[in-house]
Enquirer: 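One structure, as C-alpha cells, below. Some questions next.
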Amino acid sequence: MFTGLITRVGRIERLQPLGPDACHGVRLHVAADPDYLDDVALGDSIAINGACMTVTALDAAAGTFTVDVSAESLARTCGLDRPGPVNLEKALRPLDRLGGHLVSGHVDGVGSVTQLSPVGESWLLGVLAPPTLAKYLAYKGSITVNGVSLTINAVRDRADGCEIHINLIPHTLQHTTLGTLAPGAPVNLEVDMIARYVERMLALGKLAAAPAA
C-alpha cells in the first residue's frame, strides 16, 4: 500500500530485455539518492510512477536498484519503457502518516495531459481519462497521477472520455516529475480504491434486486 505522496524523484538509467519476444518484459535499472535506499531490502515494494514494483536487486551504497516489469505491466502503463526521471514512493508502513489517500500501486488506465498552465502561484493540470474510468471520478475526489495523490477540482464528461482539472501547488511541482508534463503526454492513473468498491457493491445490489426471469 502507498499514500501517493512522492518521497523522491529517481531515474530509470537503462532497460534490459528479459527475452527476445514481445511476451517478455524488461528489467529496469533505477538510480536514486543513496540515503533513500538505506531502509530498503530485496523484495520490498516501490511504486515507480504509480506502478507497484518489487526490488529484485539492490546496491544501496551506489543508490541503485532493479525491478522486473512484465509485458502485461508495460502494456497497461506508461513511462516504464524508456530511460528518464520517475516518481518514487516506498511502501506504506503501519505507523506512517496517511497524508494522501490509500493507493494500491495498480494502475487502472493511461490518460493524457490536456493542459498544464499557470494560475497565480499554482498550475492547472488537465487530464483526459479513458471513458471506463469516468464513473470513478468526482469533484473533490482523489486520483493518482503518475503516483502522485491529487484532488480533482473539476470534472467534465466528453465523448472521448472524462476530463479532470487538478491544482498543483509549487511544492508538488518541485518534488515530483509532474512539472515536466506537456499536452499530449501519457500519464498513469489510479482511481480511488473506495470508489471501486462502491461501484462493485452498487452493481451487485442492482443484480440482487432484479426480478427473477
Side-chain angles (χ1 to χ4, degrees), residues 1-13 28 30-37 39-40 44-53 55 63-65 67 69 73 77-93 96-129 133 137 140-154 163-193:
M1 297 298 298
F2 304 90
T3 67
L5 299 184
I6 302 306
T7 49
R8 201 66 56 95
V9 173
R11 183 176 183 82
I12 298 175
E13 296 288 356
L28 303 184
V30 184
D33 296 330
D35 67 294
Y36 184 69
L37 301 176
D39 61 348
V40 174
D44 281 0
S45 294
I46 294 183
I48 303 177
N49 272 1
C52 178
M53 297 293 160
V55 175
T64 61
F65 65 96
V67 299
V69 186
S73 293
T77 62
C78 65
L80 302 181
D81 57 351
R82 60 186 180 275
V86 287
N87 293 319
L88 301 177
E89 183 187 356
K90 289 181 275 193
L92 181 65
R93 294 172 295 192
D96 283 341
R97 290 187 177 92
L98 187 61
H101 70 283
L102 288 174
V103 175
S104 68
H106 301 157
V107 175
D108 292 304
V110 175
S112 61
V113 174
T114 58
Q115 64 173 302
L116 183 62
S117 53
V119 179
E121 79 288 349
S122 301
W123 288 71
L124 174 65
L125 172 65
V127 176
L128 180 63
L133 300 186
L137 305 176
K140 295 302 180 183
S142 296
I143 185 75
T144 306
V145 179
N146 278 357
V148 185
S149 173
L150 299 167
T151 301
I152 299 170
N153 293 328
E163 185 176 16
I164 57 175
H165 286 175
I166 298 162
N167 183 69
L168 300 179
I169 62 173
H171 178 88
T172 302
L173 292 174
Q174 293 165 7
H175 293 88
T176 70
T177 64
L178 296 186
T180 66
L181 297 175
V187 287
N188 292 322
L189 301 177
E190 181 184 337
V191 300
D192 185 9
M193 185 184 302

Enquirer: Sub-3.5 Å donor-acceptor pair from the side chain of Thr114 to the main-chain atoms of Gly126, do we have one?
Expert: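 Yes, because the side chain of Thr114 sits within donor-acceptor range (under 3.5 Å) of the backbone of Gly126.
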Enquirer: Distance check, rounded to the nearest 0.5 Å: Met1 atom CE versus Asp96 atom CG?
Expert: 12.5 Å
Enquirer: Is the closest side-chain heavy-atom distance between Leu181 and Gln115 below 4.5 Å?
Expert: no
Enquirer: Any side-chain heavy-atom pair from Arg11 and Val86 closer than 4.5 angstrom?
Expert: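 Heavy-atom side-chain distance check fails, nothing below 4.5 Å.
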Enquirer: Is any side-chain heavy atom of Val40 closer than 4.5 Å to a side-chain heavy atom of Phe65?
Expert: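 No - every pair of side-chain heavy atoms lies 4.5 Å or more apart.
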Enquirer: Working to the nearest 0.5 angstrom, can you tell me the gap between Asp192 CG and Ser149 OG?
Expert: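 The distance works out to 9.0 Å.
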Enquirer: With a 4.5 Å heavy-atom cut-off, do Leu189 and Val110 have their side chains touching?
Expert: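 With C-beta onward as the side chain, the pair stays apart.
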Enquirer: Measuring from Ser104:OG to Met193:CE, what's the distance to the nearest 0.5 Å?
Expert: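 It comes to 4.5 Å.
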Enquirer: Carefully, step by step, assess Met53 and Ile46 under the rule side chain to side chain contact (heavy atoms under 4.5 Å, CB included).
Expert: CA-CA 5 Å; Met53 297 293 160; Ile46 294 183; 5.8 Å; no
Enquirer: On the six-membered ring of Tyr36, is Lys90 placed so that its NZ or CZ lies under 6.0 angstrom from the centre and within 45° of the ring axis?
Expert: yes
Enquirer: So how far is it from Ile152 CD1 to Ile164 CD1, rounded to the nearest 0.5 Å?
Expert: 4.5 Å
Enquirer: Would you say the side-chain atoms of Glu89 and Thr7 include a donor-acceptor pair closer than 3.5 Å?
Expert: no
Enquirer: Is a side-chain donor or acceptor of Asn153 paired with a backbone partner of Ile166 at a separation under 3.5 angstrom?
Expert: no
Enquirer: What do the steps show when you test Val9 against Leu88 for side chain to side chain contact (heavy atoms under 4.5 Å, CB included), and what is the final call?
Expert: CA-CA 6 Å; Val9 173; Leu88 301 177; over 6 Å; no
Enquirer: If I take atom CG from residue Leu125 and atom CG from residue Leu150, how far apart are they, to the nearest 0.5 angstrom?
Expert: 7.5 Å
Enquirer: Is Asp108 reaching over with its side chain to a backbone N or O of Val191, donor-acceptor style, under 3.5 angstrom?
Expert: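 At least one qualifying donor-acceptor pair exists.
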Enquirer: If we ignore angles and hydrogens, is there a donor and acceptor under 3.5 Å between the side chains of Thr176 and Asn87?
Expert: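 There is no such pair (donor and acceptor under 3.5 Å, judged by atom type) between the side chains of Thr176 and Asn87.
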Enquirer: Under a 4.5 Å cut-off applied to non-hydrogen side-chain atoms, are Glu190 and Ile143 in contact?
Expert: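 The answer is no, as the side chains (C-beta and beyond) never meet within the 4.5 Å cut-off.
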Enquirer: Could you state the interatomic distance from CD1 (Ile12) to CG (Leu28), rounded to the nearest 0.5 Å?
Expert: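 So the gap between those two atoms works out to 5.0 Å.
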Enquirer: Could you point out which residue of Leu37, Thr64, Ile48 forms a side chain to side chain contact (heavy atoms under 4.5 Å, CB included) with Val30?
Expert: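 Result: among Leu37, Thr64, Ile48, Ile48 is the only option passing the side chain to side chain contact (heavy atoms under 4.5 Å, CB included) with Val30.
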Enquirer: Determine whether a donor-acceptor pair (N or O, by modelled atom type, separation under 3.5 Å) exists between the side chain of Thr77 and the backbone of Ser73.
Expert: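 Answer holds: yes.
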Enquirer: Do Leu116 and Leu168 make a side-chain contact, defined as non-hydrogen atoms from C-beta onward lying under 4.5 Å apart?
Expert: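 Answer yes - side chains close enough.
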